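Proteins get letters first, then strands, A, B, ... in listed order; numbering begins at 1 in each. Remember, it's a predicted structure, so these values are computed and weren't measured experimentally. Just so you know, these numbers use all the heavy atoms, side chains as well, and skip hydrogens, waters and symmetry mates.
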Protein chains: 2
Amino acid sequence: MGASKSAAFTEEQNEISILFKALGHPARIAIIQYILSSKSCICGDLVDILPLSQATVSQHLKELKSANIIQGSIEGNSICYCLNPTTLEKFKAIIGDFIELNNFGKNACC
Amino acid sequence: MGASKSAAFTEEQNEISILFKALGHPARIAIIQYILSSKSCICGDLVDILPLSQATVSQHLKELKSANIIQGSIEGNSICYCLNPTTLEKFKAIIGDFIELNNFGKNACC
DNA sequence: TTTGAATATTGCAATATTACGATTTATAAA
DNA sequence: TTTATAAATCGTAATATTGCAATATTCAAA
């Protein structure tokens, strides 16, 4: 008891929630915002920017990577991170299903 | 140690992550999907549909409510839930900032 | 090869989440 | 008022997350 009963939900429900969960921390939002604002890969200036230790930043990057939201490649002495376009397309499609297609607002009745 | 350092991040970063975090569980995705599919309010058939106990479902509803993603009103003997259009507009705007405006894909360089 | 810089991993403590049975609260109907 | 039904809350146990110091790894350059 205590563990999430993921086996009891659909594959889609699990996939979606994994994406959202990975974005469910302010540090990880800050990382994504920084990647977006830099318009290119970032090479670990993150530790200087975030109010967290190097170990903790690395852990957050790992979580974003394991959700396939970012990807990294070795760039000389450091590592270059950027967004994973495939995952972002999927994310966009999910949001579409959630919000656009289901004309929300008509659901608001209470 | 262990607590999320939310005070160290911007208001926006915290707000966004709270929304994502609330959606970061398959049961809560299932709830949102069900509300969307019913095209109207739902009156707690959720316990029959989800593979979780009544207490657990109620807890997930509470989390969605405290993130202002859903709202509930008393409807006779039961409670009627629907999406909160204000929060969904905000969510849509966030996604816009994240994905549309920042023409992702051009960021993919590694 | 050794040294230095950048990241990752390990180990641990604090806190948060998940789940459920039992109980409580609130309303509808008898 | 009593009874039944729906939903929330409480208490508790299991598990997951967060954060960091210390250590390990990895690669470039000396």
Side-chain angles (χ1 to χ4, degrees), chain A residues 1-9 13-14 17-31 34-35 41-67 69-82 110, chain B residues 1-9 13-14 17-31 34-35 41-67 69-82 110:
Chain A
M1 307 111 188
S4 187
K5 296 176 73 170
S6 54
F9 296 96
Q13 285 158 353
N14 281 300
S17 66
I18 284 168
L19 279 183
F20 284 136
K21 188 176 187 180
L23 296 171
H25 190 287
R28 297 196 286 269
I29 294 297
I31 290 171
Y34 187 64
I35 294 180
C41 292
I42 52 159
C43 298
D45 339 280
L46 284 170
V47 177
D48 302 322
I49 285 153
L50 296 176
L52 298 169
S53 74
Q54 183 268 324
T56 304
V57 171
S58 181
Q59 198 174 274
H60 283 302
L61 287 169
K62 189 181 177 186
E63 278 181 66
L64 287 170
K65 260 186 289 184
S66 74
I69 292 172
I70 64 173
Q71 55 196 206
S73 60
I74 298 170
E75 191 80 25
N77 204 10
S78 54
I79 292 184
C80 164
Y81 291 105
C82 60
C110 41
Chain B
M1 312 93 193
S4 187
K5 296 177 73 172
S6 53
F9 296 96
Q13 285 159 353
N14 282 300
S17 66
I18 284 168
L19 278 183
F20 283 135
K21 188 176 188 181
L23 295 171
H25 190 287
R28 297 195 287 268
I29 294 296
I31 290 171
Y34 186 64
I35 294 180
C41 291
I42 52 159
C43 297
D45 338 281
L46 286 169
V47 176
D48 303 324
I49 285 152
L50 297 177
L52 298 170
S53 74
Q54 183 268 324
T56 304
V57 171
S58 181
Q59 200 173 271
H60 282 302
L61 288 169
K62 189 181 177 185
E63 278 181 66
L64 288 171
K65 261 185 287 182
S66 74
I69 292 172
I70 64 173
Q71 54 197 205
S73 60
I74 298 169
E75 191 80 25
N77 204 11
S78 54
I79 291 184
C80 164
Y81 291 105
C82 60
C110 42

Check: Any donor and acceptor pair, going by atom type alone, linking the side chain of B:Ser17 with main-chain N or O of B:Gln13 inside 3.5 Å?
Finding: yes

Notebook entry, point to check: Taking CG from B:Asp45 and C1' from D:dA6, how many angstroms apart are they, rounded to a whole number?
Noted result: 12 Å

Margin query: Over all strands shown, is A:Ser4 touching base, sugar-phosphate only, or nothing at heavy-atom distances under 4.0 angstrom?
Written below: sugar-phosphate

Next item on the list: Starting at atom CD1 of A:Ile18, determine the distance to atom C1' of D:dT17, rounded to an integer number of angstrom.
Entry: 15 Å

Check: Which whole-number value in Å describes the distance from B:Glu75 CD to D:dA8 P?
Finding: 14 Å

Margin query: Base of D:dA6, side chain of B:Gln54 - is there a donor-acceptor contact under 3.5 Å?
Written below: no

Next item on the list: Among the candidates D:dC20, C:dA28, D:dT15, find the nucleotide nearest to the side-chain atoms of B:Asn77.
Entry: C:dA28

Note to self: So does B:Gly72 get a backbone contact from the side chain of B:Lys65, meaning a donor-acceptor N/O pair under 3.5 Å?
What the structure shows: no

Next item on the list: Select base, sugar-phosphate, or nothing to describe what A:Glu63 touches, counting heavy atoms under 4.0 Å on all strands.
Entry: sugar-phosphate

Notebook entry, point to check: Below 4.0 angstrom from OP1 or OP2 of C:dT17, is there any side-chain N or O of B:His60?
Noted result: no

Margin query: Could you check whether any side-chain N or O of B:Lys5 sits under 3.5 Å from a backbone N or O of A:Pro51, counting only pairs where one atom can act as donor and the other as acceptor?
Written below: yes

Margin query: Closest approach to the side chain of A:Gln59, judged atom by atom: which nucleotide of C:dA22, D:dT18, C:dA19 is it?
Written below: D:dT18

Next item on the list: Counting heavy atoms from C-beta on, name the nucleotide in D:dA16, C:dT7, D:dC20 closest to the side chain of A:Lys21.
Entry: D:dA16

Next item on the list: Ignoring backbone atoms, test whether A:Lys62 places a side-chain nitrogen or oxygen under 4.0 Å from the OP1 or OP2 oxygen of C:dT7.
Entry: no

Next item on the list: For the side chain of B:Ser53, starting at C-beta, report the closest nucleotide among C:dG21, C:dA5, D:dC20.
Entry: C:dG21

Notebook entry, point to check: Counting side-chain heavy atoms from CB outward, which of D:dC27, C:dA16, D:dC20 is closest to A:Ile74?
Noted result: D:dC27

Margin query: For D:dT18 and A:Thr56 - does any side-chain N or O of the residue sit under 4.0 Å from the phosphate oxygens OP1/OP2?
Written below: no

Next item on the list: Please state how far atom CZ in A:Phe20 lies from atom P in D:dT17, giving the value in whole angstrom units.
Entry: 17 Å

Next item on the list: Describe the nucleic acid contact of B:Ser78 in one word from base, sugar-phosphate, nothing, applying a heavy-atom distance below 4.0 Å.
Entry: sugar-phosphate

Check: Does OP1 or OP2 of C:dA8 have a side-chain N or O of A:Tyr81 closer than 4.0 Å?
Finding: yes

Margin query: Less than 4.0 angstrom between a side-chain N/O of B:Ser58 and OP1 or OP2 of D:dA8, yes or no?
Written below: yes

Checklist line | Atom pair distance, as rounded to whole Å: NZ in A:Lys5 and P in D:dA16 | finding: 15 Å

Checklist line | Beyond-backbone contact of B:Tyr81 with B:Ser73, side-chain heavy atoms, under 4.5 angstrom | finding: no

Notebook entry, point to check: Under 4.0 Å between a side-chain N/O of A:Lys65 and OP1 or OP2 of C:dA8, yes or no?
Noted result: yes

Margin query: Starting the side chain at C-beta, find the nucleotide from D:dT15, C:dT9, D:dT9 nearest to A:Ala3.
Written below: D:dT15

Checklist line | Min side-chain heavy-atom separation B:Arg28-B:Glu63 under 4.5 Å | finding: yes

Checklist line | Separation of atom CG in B:Leu50 from atom C1' in C:dA19, rounded to whole Å | finding: 13 Å

